[in-house]
Undergrad: 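Take this structure first; my questions come after.
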Amino acid sequence: MHGNGIIDAVTHDRRLQGPLLQGRNRKDIAGPRPVGAEVGEAAELGVDSWAVVLAPRLAQFTAVARHEHVTRAAQELGMPQPTLSRALVRLEDDLGVALFARHGRTLSLTPAGRAFLASTERALTDLERATESVRADVDPAAGKVAFGFLHTLGPETVPGLIRSFRADHPRVRFQLVQNYGEAMIERLRAGDLDLCLTSPVPDYPDLVARRLDEQKLRLVVPDDHPLAGRKRVRLAEASGELFVTLEPGYGLRRITDALCAEAGFTPRIAFEGEEAETLRGLVAAGLGVALLPPPAVPRPGVAELTVTAPRAVREIGVAWLDGHPDTPPVAEFKKFLLSRRGRLLPR
């Protein structure tokens, strides 16, 4: 641990003085463990918890235990030797346990001190790792971006975006999450995602969303269908067909229902799925027709027709949680995505 990370034990003690910290007389602050409590579960960090009381002194205790000498430990920690000595005494008073046996200017751990040291070293190591992890995630050059996107944008659009971005930011790391729109919005709200590409562009008061591009949807029919020889079609011409669609809750399903309603009919649903290419396979098997975005790779067994009326497109936008501070790598990637407005998708 670094010296500038040490809280002066005397100052800390003065802030927390009172009946709560009268170590010789107080009972176990944490109280008995609840029935069924498991080892490793999160501690409740109230003002009277052991973690809050002891945390500032753990590094001091560990340094003294390692050197077995208060003066050398104080030099390492960059603090006055008397302050460190008083901190050790208060630690032992609070615990009600002798951690050190004194031998003139040197110290040695008691059995209780050795047991306490083992746990303290593990706790400090975990804290150091956690600190390094979160600092690494916000590193402008090599931090992390948690990025969500629709399944249909995965095969081509997102890999191309990341490749272009990393040309100037080669060390930035990505945590990629593919899901449908509402699920990604919930993960934004939970703090699991920094940004997401979704459709329709969401309109919620707690989110910021920006339209980036639009994608034409096509009527996909089996290649032996009566409409298969056409290049263009009005959606109303498919009113008597069975449709295969995404499940309710998916953005593309809402768009499909809305376009069919605009064309004057309610689609008869034969199959519902979770992934556009699976729907395209169902169409190829002759099980229905579908409104889908273009495939990354042409699929045999289907014909893809331009819809002339109504205008069949879906808007693609980027969303993030309003008021949530961006780390430097997230801010850079957000700026990059916004710069791609009108040219996000492959043409």
Undergrad: Working to the nearest 0.5 Å, report the span between CZ of F243 and CG of L279.
TA: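 Between atom CZ of F243 and atom CG of L279 there are 12.0 Å.
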Undergrad: Are F147 and L337 close enough that some pair of their side-chain heavy atoms sits under 4.5 Å apart?
TA: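 In contact.
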Undergrad: Please verify the inter-ring angle class for H169 with F165; under 30° counts as parallel, over 60° as perpendicular, anything in between as tilted.
TA: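 Correct class here is parallel.
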Undergrad: Determine whether E237 and R232 satisfy the following criterion, salt bridge (Lys or Arg N to Asp or Glu O under 4.0 Å), listing intermediate values before the conclusion.
TA: CA-CA 11 Å; E237 296 179 69; R232 295 174 178 80; over 6 Å; no
Undergrad: Could you tell me whether the side chain of D213 and the main chain of L345 form a donor-acceptor pair under 3.5 Å?
TA: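 Pair found, side chain donor or acceptor close to backbone of L345.
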Undergrad: Flag yes if more than 12 heavy atoms outside R163 fall under 6.0 Å of its CZ atom; otherwise flag no.
TA: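 Not more than 12 within 6.0 Å, no.
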Undergrad: Within the structure provided, determine whether V318 and C196 are in side-chain contact (heavy-atom separation under 4.5 Å).
TA: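 No, their side chains stay 4.5 Å or more apart.
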Undergrad: For Q81 and S85, test the side chains for any donor-to-acceptor distance below 3.5 angstrom and give the result as yes or no.
TA: yes
Undergrad: What heavy-atom pair brings A296 and E156 nearest, and what distance separates the two atoms?
TA: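 Scanning both residues completely, I find the closest heavy atoms to be CA-OE1, 3.7 Å.
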Undergrad: Are L292 and F149 co-members of a hydrophobic cluster defined by side-chain heavy atoms under 4.5 Å apart?
TA: no
Undergrad: For L188 versus L321, what's the shortest heavy-atom pair and its separation?
TA: O-CD2, 3.8 Å
Undergrad: Is L227 close to R230 at the side-chain level, that is, under 4.5 Å between some pair of heavy atoms?
TA: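 Side-chain contact under 4.5 Å: yes.
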Undergrad: Using 4.0 Å as the upper bound for N to carboxylate O, is an ion pair formed by E304 and R299?
TA: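 No salt bridge links R299 with E304.
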Undergrad: Between L217 and V313, is any pair of side-chain heavy atoms under 4.5 Å apart?
TA: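 SC-SC contact between L217 and V313 ruled out.
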Undergrad: Does a side-chain heavy-atom distance below 4.5 Å link V220 with V283?
TA: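 Touching, per the 4.5 Å side-chain cut-off.
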Undergrad: Examine distances only and state if a side-chain atom of T110 and a backbone atom of A98 form a donor-acceptor pair shorter than 3.5 Å.
TA: yes
Undergrad: Only one of R314, E275, Q215, E277 clears side chain to side chain donor-acceptor pair (under 3.5 Å) with T152; which?
TA: R314
Undergrad: Tell me which one of R114, E68, H103 satisfies side chain to side chain donor-acceptor pair (under 3.5 Å) with S108.
TA: H103
Undergrad: Salt-bridge test for D326 and K334: reply yes if a basic N is under 4.0 Å from a carboxylate O, no otherwise.
TA: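 Yes, this pair counts.
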Undergrad: So, for P202 and I185, which heavy atoms are closest and what is the spacing to 0.1 Å?
TA: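 Minimum heavy-atom contact is CB-CD1, 3.7 Å.
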Undergrad: Report yes or no: do V177 and L252 belong to one cluster of Ile/Leu/Val/Met/Phe/Trp/Tyr joined by side chain heavy-atom distances under 4.5 Å?
TA: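 V177 and L252: separate clusters.
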Undergrad: With salt bridge (charged side-chain N to carboxylate O under 4.0 Å, His left out) as the test, pick out the partner of R253 among E272, E247, E182, E274.
TA: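 For R253, the salt bridge (charged side-chain N to carboxylate O under 4.0 Å, His left out) check succeeds only for E272.
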Undergrad: Tell me whether Y204 shares a hydrophobic cluster with Y180, the cluster being built from Ile, Leu, Val, Met, Phe, Trp, Tyr side chains joined at under 4.5 Å.
TA: no
Undergrad: Is there a side-chain contact between L235 and F265 in this structure, where contact means two heavy atoms from C-beta onward sitting under 4.5 Å apart?
TA: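 The answer is yes; the side chains approach within 4.5 Å.
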Undergrad: Between R189 and D206, is there a salt bridge with N-O shorter than 4.0 Å?
TA: yes
Undergrad: Considering non-hydrogen atoms only, spot the tightest contact between R102 and L107 and give its length.
TA: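 So the minimum-distance heavy-atom pair works out to CG-CD2, 3.4 Å.
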Undergrad: Indicate yes or no: at least one non-hydrogen side-chain atom of R340 is less than 4.5 angstrom from one of S164.
TA: yes
Undergrad: Which heavy atom of L305 sits nearest to which heavy atom of A228, and what is that distance?
TA: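 For L305 versus A228, the nearest heavy atoms are CD2-O, 4.3 Å.
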Undergrad: Closest approach of Q60 and L77, non-hydrogen atoms and distance?
TA: CA-CD1, 3.8 Å
Undergrad: Quick one: NZ on K144 to CG on D194, what's the gap to the nearest 0.5 Å?
TA: 8.0 Å
Undergrad: Can you check whether L242 reaches L287 side chain to side chain, under 4.5 Å on heavy atoms?
TA: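 No, side chains not in contact.
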Undergrad: Can you confirm if the aromatic rings of F333 and F174 lie within a centre distance of less than 6.0 Å?
TA: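 Yes, they do, as the ring centres are separated by less than 6.0 Å.
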Undergrad: If you measure from the Lys or Arg side-chain nitrogens to the Asp or Glu carboxylate oxygens, is any gap between R268 and E241 under 4.0 Å?
TA: no
Undergrad: Out of curiosity, does V201 fall in the hydrophobic cluster containing L195 (side-chain heavy atoms, cut-off under 4.5 Å, transitive links)?
TA: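 L195 does not cluster with V201.
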Undergrad: As a test of understanding, state which of L344, L197, L161, T198 forms a side-chain contact (heavy atoms from CB on, under 4.5 Å) with L153.
TA: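 Among L344, L197, L161, T198, the one that satisfies the side-chain contact (heavy atoms from CB on, under 4.5 Å) with L153 is L197.
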Undergrad: Is the F100 to F116 ring centre distance short of 6.0 Å?
TA: no
Undergrad: Should M184 and I255 be counted in the same cluster of Ile, Leu, Val, Met, Phe, Trp and Tyr side chains packed under 4.5 Å apart?
TA: no
